[in-house]
Novice: 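Can you read through this structure? Questions will come right after.
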Amino acid sequence: MSEIIAIEAMEILDSRGNPTIETEVLLESGVTGKAAIPSGKSTGKYEAVELRDNDPKRFGGKGVLKAVENVNKVIAEKIVGMESENQVSIDREMIELDGTDNKSKLGANAILSVSLAIAVATAEETGIPLYKYLGGINAITLPVPQFNVLNGGEHADSGLNIQEFLLLPVGAPNFKEALRYGSEIYHVLSKILKEDGYSISIGDEGGFAPRVGSGENALKYLIKAIQEAGYIPGKDVFIGFDAAASAFFKDGTYVYEGKRMASIEMINYYEHLVDEFPIISIEDGLAEEDWEGWVKLTERLGNRIQLIGDDIYVTNPKLLSRGIKESASNAVLIKLNQIGTLTETMDTIRLANRAYFNSVVSHRSGETTDVFISHLVVGMNIGQIKSGAPCRAERVEKYNELMRIEDDLGTAAKYAGREIFERFLQ
Ligand code: PGA
Ligand code: ZN
């Protein structure tokens, strides 16, 4: 048991060079804990609010000094003096202090930075690794990574509508090997793209951003790279993608590769892709407003592949509850800063588990070197993580931390592998 005696935030930069918030918590025992908050670009409409200064004289309006001040003055005043192990009560206090539905008063960035820093400090004080503090003795599952190796949408200027083309080394024996598969395929992909005369410059999440013309072409490159690296597509490594379809949903239809498409046409197209390629997961195949479409998509493909809701749920237990009731998907993306506290994030994960929905813990396109999500994914036995390409320090650091955790667990470590996708693998 240790009292929180000081909380201090500051403005730092994220991987895109934009300001974000970092907070440090000091406990009575002298132990400290730090957390830095990432920032999304293709954000869901109903995400908790990322408070920015909107002062055009600083960082083009993107400064976070207001959020910093909210931590240092308003939140600190309330939270200093509380016992750091009372995470749920602390999070509830902050939610109440904010008083809005979407954390727009204090900022989800401000609130979350305190929420996570407290967990980090408390774990440090107990002397057990963060993942074990979060999950206890049953925290043993290393996740299947989803490597984003080709970037499109709002994360690159490749002209591809689909935002992320993902490699899932489901058949690897452990996490370390999964990371090796991903890295090897990534480098082969770079070589093949270069040979074909494409640019190998990279997008926000470390994936390449070549102008290969179509989603189908991008998928063909992935298959080729998997094979040339010596792996079997659909056995060692599967494919996934995040369409981030809210970004190309205009006036009730999808504007995809130059064509206007209704929801049902997008579903037909996805079914065709699933028939042609070893795809095991599609995220945000449809837009956040298109609930009816999501239900139809799940009816059509929900037995064959994982359908992840990101923008549609924004890690919010209320929205996920609706999705579960309506069978609008079979999986949910988990981003701490979409909801704004550790407690609520855990509520959403628990809800998903009970409904037999898969969860995938995710970074944001604007990241820092913070590795909280690596501990969260193991702590909660979630089984999947999305942290970009196996390239760029802010992406790789999450994967490196998972290797350290795997080492720390030793023989107790269990790679999620095929088990997490069992219902889709006949
Ligand atoms: P974002 O994108 O971090 O830019 O919001 C990630 C995603 O859509 O999954
Ligand atoms: Zn997404």
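In listed order, ligands and their atoms are each counted from 1.
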Novice: Should one rank His155, Arg364, Lys41 by closest heavy-atom distance to atom 2 (O) of ligand 1, which comes out on top?
Specialist: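 Looking at heavy atoms only, His155 sits closest to atom 2 (O) of ligand 1.
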
Novice: Measuring from Leu160:CG to Glu216:CD, what's the distance to the nearest 0.5 Å?
Specialist: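 Going from the CG atom of Leu160 to the CD atom of Glu216 covers 12.5 Å.
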
Novice: Checking the N or O distance criterion of under 3.5 Å, is ligand 1 in contact with Asp310?
Specialist: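 Yes - when backbone and side-chain N and O of Asp310 are compared with those of ligand 1, one distance drops under 3.5 Å.
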
Novice: Got an N/O contact under 3.5 Å between Lys386 and ligand 1?
Specialist: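 N/O-N/O distance below 3.5 Å exists for this pair.
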
Novice: Please verify the inter-ring angle class for Phe357 with Tyr313; under 30° counts as parallel, over 60° as perpendicular, anything in between as tilted.
Specialist: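 Rings of Phe357 and Tyr313: tilted, as their planes differ by 30° to 60°.
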
Novice: Taking both backbone and side-chain atoms of Ser39, is any N or O found less than 3.5 Å from an N or O belonging to ligand 1?
Specialist: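 N/O-N/O distance below 3.5 Å does not exist for this pair.
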
Novice: Assess Ser42 for proximity to ligand 1: is some non-hydrogen atom of it under 4.0 Å away?
Specialist: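 Contact present.
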
Novice: Side chain, backbone, both or neither: which part of Asp284 comes within less than 4.0 Å of ligand 1 when only heavy atoms are counted?
Specialist: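 Neither part.
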
Novice: Please report whether ligand 1 has a polar contact with Glu47, defined as an N or O pair separated by less than 3.5 Å (distance criterion only).
Specialist: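 There is no such contact.
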
Novice: Distance from Leu179 atom CG to Met403 atom CE, nearest 0.5 Å?
Specialist: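 Answer for the CG-CE pair, Leu179 versus Met403, is 5.0 Å.
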
Novice: To the nearest 0.1 Å, how far is atom 8 (O) of ligand 1 from its closest protein heavy atom, and which atom is that?
Specialist: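 Minimum-distance protein heavy atom for atom 8 (O) of ligand 1 reads Gln163 NE2, 2.9 Å.
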
Novice: Could you grab the distance from atom CD1 of Ile75 to atom CG of Leu97, nearest 0.5 Å is fine?
Specialist: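 Reported value, rounded in 0.5 Å steps: 6.5 Å.
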
Novice: Under 4.0 Å, heavy-atom basis, I'd like to know which part of Ala244 is in contact with ligand 1: side chain, backbone, both or neither.
Specialist: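 Near ligand 1, Ala244 shows nothing, with every heavy atom at 4.0 Å or more.
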
Novice: Is it the case that the side chains of Ser365 and Asp204 hold a donor-acceptor pair, with the cut-off being a distance below 3.5 Å and no angle test?
Specialist: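 Judged by distance alone, the side chains do not pair up.
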
Novice: Just to the nearest 10 degrees, tell me the angle at the Zn ion (ligand 2) spanned by Glu283 OE2 and Asp310 OD2.
Specialist: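 Glu283 OE2 and Asp310 OD2 form an angle of 100° at the Zn ion (ligand 2).
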
Novice: In ligand 1, which numbered atoms sit nearer than 4.0 Å to a non-hydrogen atom of Asp242?
Specialist: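 Checking each atom against Asp242, I get 7 (C), 8 (O), 9 (O).
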
Novice: Run the numbers for me: atoms of ligand 1, each under 4.0 Å from some heavy atom of Glu283, listed by number.
Specialist: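 Under 4.0 Å from Glu283, ligand 1 has these atoms: 9 (O).
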
Novice: Using only N, O or S atoms, tell me which atom of Asp242 is closest to the Zn ion (ligand 2).
Specialist: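 Per the distance ranking, Asp242 contributes OD2 as its closest N/O/S atom to the Zn ion (ligand 2).
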
Novice: How far does CD1 of Ile239 sit from CD1 of Ile226, to the nearest 0.5 angstrom?
Specialist: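 Atom-to-atom, Ile239:CD1 and Ile226:CD1 are 4.5 Å apart.
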
Novice: Hey, does Ser365 come in under 3.5 Å of ligand 1, counting only N/O atoms on both sides?
Specialist: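 Yes - when backbone and side-chain N and O of Ser365 are compared with those of ligand 1, one distance drops under 3.5 Å.
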
Novice: Should we say atom CG of Asp157 is surrounded by more than 12 heavy atoms from elsewhere, each under 6.0 Å from it?
Specialist: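 Open.
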
Novice: Taking Thr141's backbone N and O only, do any of them form a donor-acceptor pair with Asn381's side chain (distance below 3.5 Å, no angle check)?
Specialist: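 The answer is yes, because a donor-acceptor pair under 3.5 Å joins these two groups.
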
Novice: In Å, rounded to the nearest 0.5 Å, how long is the span from CD of Gln87 to CE of Met346?
Specialist: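 Gln87 atom CD to Met346 atom CE measures 7.5 Å (nearest 0.5 Å).
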
Novice: At the 4.0 Å heavy-atom cut-off, does Glu154 count as touching ligand 1?
Specialist: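 Under 4.0 Å: no for Glu154.
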
Novice: Find the distance between OG (Ser387) and CD1 (Ile373) and round it off to the nearest 0.5 Å.
Specialist: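 One gets 5.0 Å once the value is rounded to the nearest 0.5 Å.
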
Novice: Tell me: protein heavy atom nearest atom 7 (C) of ligand 1, and distance?
Specialist: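 Looking at atom 7 (C) of ligand 1, the protein heavy atom closest to it is Lys335 NZ, 3.2 Å.
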
